[in-house]
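To keep things clear, I will list the structure first and then write my remarks on it.
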Amino acid sequence: ARDLVLRKRDTHDLRRKVPLPQRQLECILLVAKGYNDREIGGRLGITEETVKWYLKQARESYGVSKRVQLVMYAIYDGQLPLSEVFRDTP
């Protein structure tokens with residue numbers, strides 16, 4: 001999985017943190033837990049389109065195009081702790 005993330009090394013300095021807004025991180029966490037955009041919107045009380053916009057903004061911040069890359073970058077960057085990803089969500 002790390003190789004998937006590191007392929008973008010030429011376009012993104014992995015040593016530099018990319019601070020993401022809290023709402024984007026909440027969406028990324030729910031993506032990591034396997035929720036789709038509609039389910040994420042329902043859980044956060046926002047529209048599916050807003051979820052898509054937050055995730056698009058986060059992907060652009062990291063310079064990636066895939067959701068899995070987004071999750072991996074957020075984990076690698078230290079903004080999405082694995083303990084949160086594996087914690088049960090009520």
Expected output: side-chain Ser61 to main-chain Gln57 donor-acceptor under 3.5 Å =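 Side chain of Ser61 to backbone of Gln57: a pair is present.
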Spell out, as yes or no, whether a donor-acceptor pair under 3.5 Å connects the side chain of Lys33 to the backbone of Glu84.
-> yes
If you round to the nearest 0.5 Å, how far is [atom2] of [Y] from [atom1] of [X]?
X	Y	atom1	atom2	value
Ile28	Arg59	CD1	CZ	9.5 Å
Leu29	Ile40	CG	CD1	9.0 Å
Leu55	Leu30	CG	CG	9.5 Å
Asp77	Tyr62	CG	OH	3.5 Å

Could you list the residues that satisfy side chain to side chain contact (heavy atoms under 4.5 Å, CB included) with Glu26, not counting sequence neighbours?
->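 Glu26 satisfies side chain to side chain contact (heavy atoms under 4.5 Å, CB included) with Gln22, Arg23, Leu44 only.
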Side chain to side chain contact (heavy atoms under 4.5 Å, CB included) with Arg38: which residues, sequence neighbours excluded?
->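 Listed in chain order: Asn36, Glu48.
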Considering all heavy atoms, the nearest [X]-[Y] contact:
X	Y	result
Gly34	Glu39	O-OE1, 4.3 Å
Lys66	Gln69	N-OE1, 3.0 Å
Tyr54	Cys27	CD1-SG, 3.8 Å

NZ/NE/NH1/NH2 to OD/OE distance under 4.0 Å, Asp37 and Arg67 | yes
For the pair Leu70 and Val31, evaluate side-chain contact (heavy atoms from CB on, under 4.5 Å) and give the outcome as yes or no after the intermediate values.
-> CA-CA 9 Å; Leu70 176 59; Val31 167; over 6 Å; no
